**Q** 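The structure follows.
Every chain is numbered from 1 and lettered A, B, ... according to where its sequence line falls, protein lines coming before strand lines. In this text, all values refer to a predicted model and were calculated from it rather than measured experimentally. Excluded from the calculations below are hydrogen atoms, water molecules and symmetry mates; all remaining heavy atoms, backbone and side chain alike, are included.
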Protein chains: 2
Amino acid sequence: MATSPSRGRPPGLTGPALLAEARAVFLEHGYTSTTMDEVAARARISKSSLYREHRSKSALYAAVVSDWAASGRDAMRPALDRLSDDSDVERGLTQLAEAMLRAMLSPVVVEMRRLVVNEAKSQPQVAGAYLKESWDRNIAGLAEALEGMHHRGRLSIDDARAAAEDFTWLVVGGPLNSALLGVQPNPAPDRPSRSVALFLARYGVH
Amino acid sequence: MATSPSRGRPPGLTGPALLAEARAVFLEHGYTSTTMDEVAARARISKSSLYREHRSKSALYAAVVSDWAASGRDAMRPALDRLSDDSDVERGLTQLAEAMLRAMLSPVVVEMRRLVVNEAKSQPQVAGAYLKESWDRNIAGLAEALEGMHHRGRLSIDDARAAAEDFTWLVVGGPLNSALLGVQPNPAPDRPSRSVALFLARYGVH
DNA sequence: CCTACCGATCGGTAGG
DNA sequence: CCTACCGATCGGTAGG
């Protein structure tokens, strides 16, 4: 008859599941308009329990961002591996560009950026950690892939880090700006290949 | 004996001066943490007067952003004219890049972007108007300048709008991202000239 | 006795 | 123009 292996109170959310629920609340309302009452209610725990696990609202926010950044740390790894393996440099770069756009324009990623950017002034260490984990790490991964392609004679790269930044901003700069401001970017399906053409004009092997 | 030409109550701020003061308050605290009491106090007017001029907090915010976007509408005009007049294309583009960085990384511009981006979800029409006035307009101005240089045989541009976006994001993408996240971008004084070199590899006359 | 957790409420402040 | 005040809700903590 028992549908649960243990009797008594059904447990609410703790640990990573609590952080995921808190993240959803922060993304819905923003930092200031998020209430600890709503986080506790949606996690089905008391506020006392919430405060025992996270000593303050700002500490909960820092934990949410840190958990999020860690989970997305190597999000581009599969796409970078495909780039390194592709014998057609232009095709590989175009597919990477498309993958980057899909990843960075997804609603949850855009909203997380809004949240972190807005709180950068009051909680700079959180924004700094986010930048380091979610951004510098992916730039570094791309730089590594580009350098490998250079050594195999497929690209002509003098400064891999700078080239990785160039590629990233050519691809995502405009669409990300529009998305952050809440505007649906026009489809423009040729955008990735345009960006790749510009990149290869400077870094391609001629 | 009168130190003022008119007697009676010293006037508080109204109109554009009120919007400038309100803007400062919004930039200090963010939208949610800004109180109408503080705006009224700093403008030396009563809350009643404030609500008579702006019917709600969100209406005041919309007026602040609209006023700001209009005032910065043609901020890049002098720099664009210098670009068109410069006989040395590489030097002209590099100086434009430096001017764009100075303009977009100034603290007040960065903080205004943070504010508008954060409220894009709840007040999308404000963010949309900001994007149109502050961004599309400057991109269009740059596109026009690039097209003129193309017609004078100094550049080889197929799509002026796309080229203007490419240039903009190559130059400001990384530094703006760091600034929004509250990180001091490393000086990198060669960044503008690097971006120009990449741009000219594709759009220069060879 | 302990722990995990509850219902209730604190002092202050928000937009209007 | 201003004071006083509203219904509500905030982050955080009390006793048991």
Side-chain angles (χ1 to χ4, degrees), chain A residues 2 4-19 21-66 115-116 118-119 121-123 125-126, chain B residues 4 6-15 17-19 21-65 115-116 118-119 121-123 125-126:
Chain A
S4 170
S6 69
R7 294 210 257 152
R9 181 187 55 82
L13 305 180
T14 59
L18 171 57
L19 291 179
E21 192 64 43
R23 184 180 73 223
V25 180
F26 278 122
L27 293 188
E28 278 176 36
H29 303 300
Y31 181 82
T32 308
S33 295
T34 287
T35 69
M36 296 295 267
D37 282 311
E38 179 172 354
V39 174
R42 286 174 54 165
R44 298 182 302 281
I45 59 177
S46 69
K47 275 175 70 174
S48 304
S49 299
L50 176 55
Y51 273 96
R52 189 165 3 87
E53 195 157 341
H54 301 282
R55 76 170 67 142
S56 68
K57 186 183 182 183
S58 63
L60 173 63
Y61 166 73
V64 162
V65 175
S66 172
L115 178 67
V116 173
N118 193 250
E119 297 308 310
K121 197 173 186 176
S122 55
Q123 305 206 49
Q125 75 292 352
V126 174
Chain B
S4 170
S6 69
R7 294 211 255 150
R9 181 186 56 83
L13 305 180
T14 59
L18 171 57
L19 291 179
E21 191 64 42
R23 185 180 73 223
V25 180
F26 278 122
L27 293 187
E28 277 176 36
H29 302 301
Y31 181 82
T32 308
S33 296
T34 287
T35 70
M36 295 296 266
D37 280 313
E38 179 171 356
V39 173
R42 286 175 53 167
R44 298 182 301 282
I45 60 176
S46 69
K47 276 173 70 174
S48 307
S49 300
L50 177 56
Y51 273 95
R52 187 166 5 86
E53 194 158 341
H54 301 281
R55 76 169 66 149
S56 67
K57 187 184 181 183
S58 63
L60 174 61
Y61 165 73
V64 162
V65 175
L115 178 66
V116 173
N118 193 249
E119 298 308 311
K121 197 172 187 177
S122 55
Q123 306 206 50
Q125 76 291 355
V126 174

**Q** Between the base of D:dC1 and the side chain of B:S48, is one N or O donor paired with an acceptor at under 3.5 angstrom?
**A** no
**Q** Is there a side-chain contact between B:V39 and B:I45 in this structure, where contact means two heavy atoms from C-beta onward sitting under 4.5 Å apart?
**A**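 Sidechains of B:I45 and B:V39: no contact.
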**Q** Would you say the side chain of B:L19 lies within less than 4.5 Å of the side chain of B:H54, judging by non-hydrogen atoms?
**A** yes
**Q** Let me know the distance between CZ of A:R44 and P of C:dC6, rounded to the nearest Å.
**A** 12 Å
**Q** Is there side-chain contact between A:V25 and A:R42, with heavy atoms separated by less than 4.5 Å?
**A**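 They are in side-chain contact.
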**Q** Picking from B:D37, B:L18, B:L13, what satisfies side-chain contact (heavy atoms from CB on, under 4.5 Å) with B:L50?
**A** B:L18
**Q** For B:E38 and C:dT13, what is the distance between atoms CD and P respectively, to the nearest whole Å?
**A**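 Nearest whole value for this atom pair: 13 Å.
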**Q** Are A:Q123 and A:Q125 side-chain neighbours, meaning at least one heavy-atom pair lies under 4.5 Å?
**A** yes
**Q** Distance check, P atoms only: D:dG12 and C:dA8, in whole angstrom units.
**A** 22 Å
**Q** Could you tell me how the ring of B:Y31 sits relative to the ring of B:F26: parallel (under 30°), tilted (30 to 60°) or perpendicular (over 60°)?
**A** parallel
**Q** Tabulate atom names and distances for all N/O pairs under 3.5 angstrom spanning the protein and nucleotides 9-12 of chain D.
**A**
| from | atom 1 | to | atom 2 | distance (Å) |
| --- | --- | --- | --- | --- |
| D:dG11 | OP1 | A:T34 | O | 2.8 |
| D:dG11 | OP1 | A:K57 | NZ | 2.8 |
| D:dG11 | OP2 | A:M36 | N | 3.2 |
| D:dG12 | OP2 | A:Y51 | OH | 2.8 |
| D:dG12 | OP2 | A:K57 | N | 3.1 |
| D:dG12 | N7 | A:K47 | NZ | 2.7 |
| D:dG12 | O6 | A:K47 | NZ | 2.5 |

**Q** When you measure from the side-chain N and O atoms of A:S49 to the phosphate of C:dA4, is any distance below 4.0 Å, counting only OP1 and OP2?
**A**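 Answer no for this pair, as no side-chain N or O of A:S49 is under 4.0 Å from OP1 or OP2.
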